[in-house]
Amino acid sequence: MQNAKLLNYLHLHFIVFIWGFTAVLGALISLEAIPLVWYRMGIATILIFLFVVVTKKRLKFPKKTIAYFFLLGLCIALHWLSFFGAIKESNVSITLSIMSTGAFFTAFLEPLFYKRKIIWYEVFFGLIVMVGLYIIFQAEGEAYYSGMLLALLAAFLGAVFSVGNGRLAEKYEASVISLYELFFGVVCISLYLLLTGAFTESFFTISGTDWLYLFILASACTAYAFIASIHVMKWLSPYTVMLTINLEPVYGIILALFILKDSEYMKPEFYYGALIILATVVANGIIKTKKRRKNNRISPS
């Protein structure tokens, strides 16, 4: 049992490392954000569909649930468009540091979705995050202003997607949810591309290197990482998973410095702001987990 937990803990770090690599791949792929996301979601949809067929998951749902899948599919498509757009407009380090604010967008969205009170320390942490963002904007805002705004939009849309997905995850298989949402995301982007006449010969003319990066992005960073992350949760506590996932921006920024080099070197003030945001996200997660454990101890069995 102990060996199984250790192996799954190392597996979780590998998954988070892969997620951190997603942003680097986005910078390496020469495609613009819209075709990049279309190909990523399309390839991932095919791969997850094959997995669902092999494992014989149920695919029939009520029309209301399908409509909900559609809305969340549109949301995740817009999230990825903003995310990769931010990378193209700024760089990996800036995008990932600002994406860390997603936890605090979630803290304010959850009360609206689940009709609970806003928690005071989440407001306090949110204010500290704003200080970190202010420092980053002061340090790099002039050069990367549009990229920072796109990263903030991506963080907000990611929070909406996570909160909206909360109830679905309790009822349905994660792989099936992912399949429907990715499929509808591809449909939405395809409709836009059709209406704008963007499906041209050049759209489908992709270099061999970009094809390789796209396949890695769709298979390892999307389909595999999603399914594997669900598996390790059977062995590890939510506290361990939460703390490890918070390392994603750290892994991503370090990878970007090694792989992309000069384009990722920022002013010292940027790293101060990023450190404030990351430390606040970790502190928020620790407090949440401690409170959850305390509530579990005092609640009747």
Side-chain angles (χ1 to χ4, degrees), residues 13-41 43-44 79-102 132-133 135-155 157-158 205-226 244-279 281-282:
H13 271 277
F14 179 63
I15 294 165
V16 175
F17 179 83
I18 288 173
W19 283 335
F21 191 51
T22 298
V24 177
L25 284 171
L28 290 172
I29 295 170
S30 63
L31 301 177
E32 294 298 318
I34 293 177
L36 191 162
V37 174
W38 187 82
Y39 278 105
R40 177 194 187 176
M41 296 184 81
I43 296 169
H79 161 73
W80 278 337
L81 288 171
S82 304
F83 175 72
F84 287 111
I87 291 170
K88 302 294 182 181
E89 290 291 325
S90 55
N91 62 24
V92 172
S93 298
I94 285 175
T95 301
L96 287 178
S97 61
I98 294 179
M99 282 293 296
S100 301
T101 61
L133 282 174
I135 294 171
I136 290 175
F137 270 88
Q138 287 293 104
E140 304 291 347
E142 187 174 343
Y144 301 118
Y145 185 73
S146 59
M148 291 180 180
L149 291 180
L150 282 171
L152 271 176
L153 177 61
L157 290 170
T205 304
I206 301 175
S207 68
T209 303
D210 278 346
W211 270 120
L212 174 62
Y213 289 149
L214 280 169
F215 185 76
I216 295 171
L217 179 64
S219 58
C221 300
T222 308
Y224 160 75
F226 182 84
T244 308
I245 288 176
N246 284 333
L247 291 173
E248 180 188 344
V250 178
Y251 284 144
I253 291 171
I254 292 172
L255 281 168
L257 289 171
F258 274 102
I259 297 172
L260 303 174
K261 298 182 180 178
D262 291 349
S263 64
E264 293 296 322
Y265 289 109
M266 303 283 103
K267 296 175 184 176
E269 292 82 359
F270 163 80
Y271 295 103
Y272 301 152
L275 184 61
I276 289 172
I277 294 172
L278 290 171
V281 170
V282 172

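One is the number of the first residue; the rest follow in order along the sequence.
Here the side chains of I253 and V92 are not in contact, with every heavy-atom distance at 4.5 Å or above. The shortest distance between side-chain heavy atoms of W211 and I43 falls below 4.5 Å. Annotation: side chain of L149 is in contact with side chain of Y145 (closest heavy-atom distance under 4.5 Å).
Contact record, A154 with F83: CB-N, 3.6 Å, taken as the closest heavy-atom pair. Across H79 and L157, no two heavy atoms sit closer than the pair N-CD1, 3.7 Å. Closest of all the heavy-atom pairs between L25 and C221 is CD1-SG, 3.7 Å. Looking at every heavy atom in both residues, A220 comes nearest to I18 through O-CG2, 3.7 Å. Taking all atoms of both residues into account, the shortest heavy-atom contact from A155 to I98 is CB-O, 4.1 Å. Closest of all the heavy-atom pairs between A218 and T222 is O-CB, 3.2 Å.
Expressed to the nearest 0.5 Å, how far OH of Y144 lies from OG1 of T95 amounts to 10.5 Å. Atom-to-atom distance recorded for L214:CG and W38:CH2 is 10.5 Å, nearest 0.5 angstrom. Interatomic distance, L28 CG to D210 CG, rounded to the nearest 0.5 Å: 9.0 Å. Here the straight-line distance linking atom CD1 of I206 with atom CG of L212 works out to 12.5 Å at 0.5 Å rounding. One distance of note links OH of Y213 with CZ of F21; it measures 7.5 Å at 0.5 Å rounding. Between S90 atom OG and L150 atom CG the span is 8.0 Å, to the nearest 0.5 Å.
Applying the 6.0 Å contact sphere to OH of Y224 captures more than 12 heavy atoms from other residues, nucleotides or ligands.
Here the rule is side-chain contact (heavy atoms from CB on, under 4.5 Å) with V24, and of L96, L257, L217, L255 only L255 fits it.
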Applying side-chain contact (heavy atoms from CB on, under 4.5 Å) to L260 and N91, what does each step give before you reach the verdict? CA-CA 9 Å; L260 303 174; N91 62 24; over 6 Å; no
Under the side-chain contact (heavy atoms from CB on, under 4.5 Å) rule, what do R40 and I29 come out as? Steps first, then yes or no, please. CA-CA 11 Å; R40 177 194 187 176; I29 295 170; over 6 Å; no
